[in-house]
Amino acid sequence: MDTTRRVYTVSTAEAAGVPHYRQEVAKSNPLLDPVLEWYAANARDLPWRAPGAGAWPILVSEIMLQQTPVARVLPVWTEWMERWPTPAALAAEPPGEAVRHWGRLGYPRRALNLHACARAIVERHDGEVPADHAALLALPGVGEYTAAAVASFAFRGRHAVLDTNVRRVLARAVSGEQYPPKATTAAERALAVSLLPGPEEAPVWAVAVMELGALVCTARAPRCAECPISAECAWRLAGKPAYDGPARRGQTYDGTDRQCRGRLLAVLRQAHGAVPKAALDVVWEDAVQRERALDGLVSDGLAEVLDDGTYRLPA
DNA sequence: CAGACGTGGGT
DNA sequence: TACCCAAGTCT
């Protein structure tokens, strides 16, 4: 096999979205071949990965997948794609419809973000999802990860795609740590860039490492016996030392404003039109917390108060 | 930059 | 049963 094709001169700044000087970053990546081979045999058959998948379906999937498992996204994504096959179709609806059809995916502000994305794409990009990383980053709800993912998966761009799966795989395989740092560091970005293959393979490398993290190199119980890079894995070679950093804080959801907001919004989603405040009052005992949560929903644009004191999803 | 922001399934 | 955590982003 020709190994020289795995040596590149690339711009680190360019990969970070800032075109500037050039620097040699990638030597050969020993993880590339085993990971690509594993992916070819084990990739899940997800609809947004279909060869003909457009940038809009991919963007929608990426936003829906933020902090949400694939299994729960699938049915909602399918419904959205039938209902709103283009940004223009979604942009023509009131934002409340996006929230209604978000269902119980969680973090409903993402529905609002997607709706705002659709309108921005229609207004600023002639209805087409932009291919440029910086333009993607400027869209609401699109951060560093999502911009890189869409630029890579939809437009075949060469970007370091650093999600929680990739960060975990690299932390283990390369850094010898059980878990990556809590927040993405410059060192992690530099490492990801240094492992980037050439333009032909960069997109499949990105999705393949993600898939490996999702299916094999999992957070809780990694399946090292099935891992294509276990022989090179620094963490396994070191005897799988336990994570020694600060404890990652637990969440505790019961009784929080988040739970309260979820209950209130569920009422609005299920209602046909506006609902009397009494219908909201019954879903949460604590009136002070309930009012605070309701105000929060309104100020976040997830709910509207009408002149008669009733509430509804934003029109 | 730590904390807010939903929800449900796996262990 | 609790607790962990899942393709993050924004403030």
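Just so it is clear: chains get the letters A, B, ... in the order the sequence lines come, proteins before strands, and each one is counted from 1.
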Apply salt bridge (Lys or Arg N to Asp or Glu O under 4.0 Å) to the pair A:Arg189 and A:Glu144, showing each step before the final yes or no.
CA-CA 11 Å; A:Arg189 293 189 184 91; A:Glu144 179 182 343; 2.8 Å; yes
Give the intermediate values and the outcome of salt bridge (Lys or Arg N to Asp or Glu O under 4.0 Å) for residues A:Glu201 and A:Arg158.
CA-CA 8 Å; A:Glu201 290 170 313; A:Arg158 185 169 181 273; over 6 Å; no
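Note: CG (A:Leu112) to C1' (C:dC10) measures 14 Å, nearest angstrom. Per the geometry, CG belonging to A:Asn165 stands 12 Å off C1' belonging to C:dG8, to the nearest Å. Taking atom CZ on A:Arg109 and atom P on B:dA4, their separation rounds to 12 Å, with Å as the unit. Whole-Å rounding puts the A:Met210 CE to C:dA7 P distance at 7 Å. The separation between A:Asp300 atom CG and C:dC10 atom C1' is 11 Å, rounded to whole Å. Rounded to whole angstrom, the span from the CG atom of A:Leu212 across to the P atom of C:dA6 amounts to 14 Å. One can place CG of A:Leu105 at 21 Å from P of C:dC5, the figure rounded to the nearest angstrom. Rounded to whole Å, atom C1' of B:dG6 lies 8 Å from atom CZ of A:Arg110.
Nucleic acid contact class of A:Trp102 (heavy atoms, under 4.0 Å, all strands): none. Residue A:Thr164 is classed as a sugar-phosphate contact, given heavy-atom separations below 4.0 Å to backbone atoms only. Among the atoms of the strands shown, base atoms are found under 4.0 Å from some heavy atom of A:Gly106. If you check every strand for non-hydrogen atoms under 4.0 Å, A:Glu144 touches sugar and phosphate atoms only. Among the atoms of the strands shown, base atoms are found under 4.0 Å from some heavy atom of A:Leu46. No contact: A:Ala149 has no heavy atom under 4.0 Å from any strand.
Comparing the P positions of C:dC4 and B:dG3 gives a spacing of 16 Å, expressed to the nearest Å. Between C:dT1 and B:dG6, the distance separating the two P atoms is 26 Å to the nearest Å. Nucleotides C:dA7 and B:dC5 place their P atoms 23 Å apart, quoted to the nearest Å.
Under a 4.0 Å N-O distance rule, the pair A:Arg44/A:Glu211 qualifies as a salt bridge.
Other residues, nucleotides and ligands contribute at most 12 non-hydrogen atoms within 6.0 Å of the CD atom of A:Glu200. Heavy atoms from other residues, nucleotides or ligands lying under 6.0 Å from CG of A:Asp308 number more than 12.
OP1 and OP2 of B:dT7 both lie 4.0 Å or more from every side-chain N or O belonging to A:Arg258. At C:dC5, one or more side-chain N or O atoms of A:Tyr179 fall inside 4.0 Å of OP1 or OP2 (strictly under the cut-off). Within the structure, every side-chain polar atom (N or O) of A:Tyr253 is placed at least 4.0 Å from both OP1 and OP2 of B:dG6. For the OP1/OP2 pair of B:dG6 and a distance below 4.0 Å, the side-chain nitrogens and oxygens of A:Arg261 include at least one atom meeting the criterion. At C:dA6, one or more side-chain N or O atoms of A:Arg168 fall inside 4.0 Å of OP1 or OP2 (strictly under the cut-off).
Of the residues in residues 62-75 of chain A, those placing a heavy atom less than 4.0 Å from an atom of DNA chain B are A:Gln67, A:Thr68, A:Arg72, in numerical order.
Residues forming a ring pair (Phe, Tyr, Trp, His ring centres under 6.0 Å) with A:Trp48 (at least two apart in sequence, or on another chain): A:Trp77.
For A:Trp56 and A:Trp84, the gap between ring centers reaches or exceeds 6.0 Å.
Taking the six-membered ring for Trp and thresholds of 30 and 60 degrees, A:Tyr179 and A:Tyr243 have ring planes more than 60 degrees apart, a perpendicular arrangement.
Considering A:Leu302, A:Asp281, A:Leu294 in turn, A:Leu294 is the only one that fulfils the side-chain contact (heavy atoms from CB on, under 4.5 Å) rule with A:Leu264.
For the pair A:Arg220 and A:Leu297, both in contact range of DNA chain B, the more 5′-proximal nearest nucleotide belongs to A:Leu297. Between A:Glu211 and A:Asn113, the residue anchored closer to the 5' end of DNA chain C is A:Glu211, taking for each the nucleotide with the nearest heavy atom. Positionally, the nearest nucleotide of DNA chain B for A:Ala183 lies more toward the 5' end than for the other of A:Ala183 and A:Arg104.
Among B:dT7, C:dG8, C:dA7, the nucleotide with an atom closest to any side-chain atom of A:Thr146 is C:dG8.
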